[in-house]
**Student:** 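Okay, here's the structure, questions in a sec.
Within every chain, numbering begins at 1; the chains are lettered A, B, ... in the order of the sequence lines, protein sequences first and strands thereafter. Keep in mind the model is a prediction, meaning the values are calculated, not measured.
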Amino acid sequence: MPELLDVEGFRRFAERHVAGRAIRSVHVLDRELVRNRSARSLQSALAGQRFGTARRHGKWLILPAGEAELLMHFGMTGALAWAPNDADRHRHDRLVVVFDGGELRYNNMRRFGGVWLARDADERELVTGSLGPDAATLGPEKFAALLDARRGGIKAALMDQHLIAGLGNLMSDEILWRARVHPEASVGSLTPHRRQKIYHELRAVIGESSRYGRVPHGRRWLTRMRDDRDASCPRCGSRLSRTRVAGRTACWCPRCQRR
DNA sequence: TTGCATGTTCCGGA
DNA sequence: GTCCGGAACATGCA
């Protein structure tokens, strides 16, 4: 699930349910997913604190709690849920934060990602590593400058969190498909016009998706087609190709996205 | 049983 | 230093 848009959905979800509320207790259901503190130390750091305004940088969710921050990464299968009480917890719920009147559940089947506590901005950056500017607020000049300093393939560049934070496999495929750029094209081979087109589609994909908190599965989106074995291009009807690009399965149209 | 899955990190090699 | 591919991580599903 989680790329930038999904995490943005989680941010809003957290904002709606827990911002400003006092934490009554913290239940660590899977010790391993609390990555940089003991369960006990996380509990004592959070209990009694209030969550401030939820932030997001790339695929990271940042929940200020008192002086500290609770950092969440969702890996490939993470999600948040809210429940009025402790009934019917799921076996993949890894961390539960309890408030008066309900509880926030961090669920993660495959256990990539996890939860960290950061005492300050320095510790946060230690945890997240250096992140590029968030894709949702990246300006055109900055995007152009980042690509100018980059070699290698365009899909790898879009997915590199150090360069731009937030884009993953699905969104990079969606953007390149809309921009009609082959996923293996090298950055250096792209004309300024092509790069502007990629930027334009990046903004469009994020903009059109943001109200859903995820990339839509509509008929005109590549994302919807990639699950089908005999998927065809929503634009031209050609059979879509699947190849490994930058370590992931890229889905693209051999007719629309020529080298 | 095998392969694949929207994530990151680490390693060796060019 | 840069970039790439591959393997690893953990779990479930087709």
**Student:** Should A/R151 be listed as having a side-chain N or O under 4.0 Å from OP1 or OP2 of C/dT2?
**Tutor:**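 No.
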
**Student:** Would A/F112 count as stacked on C/dC9 if the rule is ring centres under 5.5 Å and plane angle under 30°?
**Tutor:**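 Check passed, A/F112 stacks on base of C/dC9.
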
**Student:** Hey, does A/R248 reach any base, or is it just sugar-phosphate, or nothing, if we go heavy atoms under 4.0 Å?
**Tutor:**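 It contacts base atoms.
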
**Student:** Output yes when at least one side-chain N/O atom of A/K59 is less than 4.0 Å from OP1 or OP2 of B/dT6, else no.
**Tutor:**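 It does not, given that no N or O in the side chain of A/K59 lies less than 4.0 Å from OP1 or OP2 of B/dT6.
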
**Student:** Would you indicate which nucleotide in B/dA5, C/dT11, B/dT6 comes nearest to any side-chain atom of A/N169?
**Tutor:**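 In terms of side-chain proximity for A/N169, the closest of B/dA5, C/dT11, B/dT6 is B/dT6.
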
**Student:** Around atom CZ of A/R220, are there more than 12 heavy atoms from other residues, nucleotides or ligands closer than 6.0 Å?
**Tutor:**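 Atom CZ in A/R220 is not crowded, with 12 or fewer foreign heavy atoms closer than 6.0 Å.
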
**Student:** Give the nucleotide from the list C/dG12, B/dT6, B/dT8 with an atom nearest to the side chain of A/M109.
**Tutor:**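 Nearest to the side-chain atoms of A/M109, counting from C-beta on, is C/dG12.
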
**Student:** If you check the A/H92 side chain, which of B/dG7, C/dT11, C/dC3 turns out closest?
**Tutor:**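 Looking only at side-chain atoms, A/H92 lies closest to C/dT11.
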
**Student:** Parallel, tilted or perpendicular for A/W82 and A/F99, by the 30°/60° rule?
**Tutor:**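 Aromatic pair A/W82/A/F99 classed tilted.
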
**Student:** Nearest to the side chain of A/R110, which nucleotide is it out of C/dA10, C/dG12, B/dG7?
**Tutor:**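 The answer is C/dA10, which lies nearest to the side chain.
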
**Student:** Within the 4.0 Å heavy-atom criterion, would you say A/T249 contacts the bases, only the backbone, or no part of the nucleic acid?
**Tutor:**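 A/T249: backbone/sugar contact only, no base atoms under 4.0 Å.
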
**Student:** Need one value for A/G129: base, sugar-phosphate or nothing, where a base atom within 4.0 Å counts as base even if backbone is also close, heavy atoms only.
**Tutor:**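 A/G129: no heavy atom of the nucleic acid under 4.0 Å.
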
**Student:** So A/E8 and A/R11, salt bridge (charged side-chain N to carboxylate O under 4.0 Å, His left out) or not? Walk me through it.
**Tutor:** CA-CA 5 Å; A/E8 177 60 19; A/R11 189 193 67 76; 3.0 Å; yes

**Student:** Using the side-chain heavy atoms of A/E3, tell me which of these nucleotides is nearest: C/dT11, B/dT6, B/dT8.
**Tutor:**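 Looking only at side-chain atoms, A/E3 lies closest to B/dT6.
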
**Student:** From C/dT2, B/dG7, B/dA5, pick the nucleotide closest to the side chain of A/R244?
**Tutor:**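 For the A/R244 side chain, the nearest candidate turns out to be B/dA5.
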
**Student:** Could you check which of C/dC3, B/dT6, B/dT8 has an atom nearest any side-chain atom of A/H73?
**Tutor:**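 The nucleotide sitting nearest to the side chain is B/dT8.
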
**Student:** Any side-chain heavy-atom pair from A/R194 and A/I154 closer than 4.5 angstrom?
**Tutor:**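 Not touching, per the 4.5 Å side-chain cut-off.
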
**Student:** If you check the A/R226 side chain, which of C/dA10, B/dG7, B/dT6 turns out closest?
**Tutor:**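 Closest of the options to the side chain of A/R226: B/dT6.
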
**Student:** Round to the nearest Å and state the distance from A/L170 atom CG to B/dG7 atom C1'.
**Tutor:**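 Atom CG in A/L170 sits about 12 Å away from atom C1' in B/dG7.
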
**Student:** What is the distance, rounded to the nearest whole Å, between atom CE of A/M76 and atom P of C/dA10?
**Tutor:**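 These atoms are roughly 15 Å apart.
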
**Student:** So is A/R226 actually on top of A/W252's ring, under 6.0 Å and inside 45° of the axis?
**Tutor:**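 The answer is no; the distance or angle limit is not met.
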
**Student:** Quantified in whole Å, what is the P atom distance between nucleotide C/dG6 and nucleotide B/dG3?
**Tutor:**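 Per the computed distance, 15 Å lies between those P atoms.
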
**Student:** Report which part of the nucleic acid A/G168 touches: base, sugar-phosphate, or nothing (heavy-atom distance under 4.0 Å, all strands).
**Tutor:**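 Contact class for A/G168: sugar-phosphate only.
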
**Student:** Classify the nucleic acid contact of A/R91 as base, sugar-phosphate or nothing, counting any heavy atom under 4.0 Å across all strands shown.
**Tutor:**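 A/R91: backbone/sugar contact only, no base atoms under 4.0 Å.
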
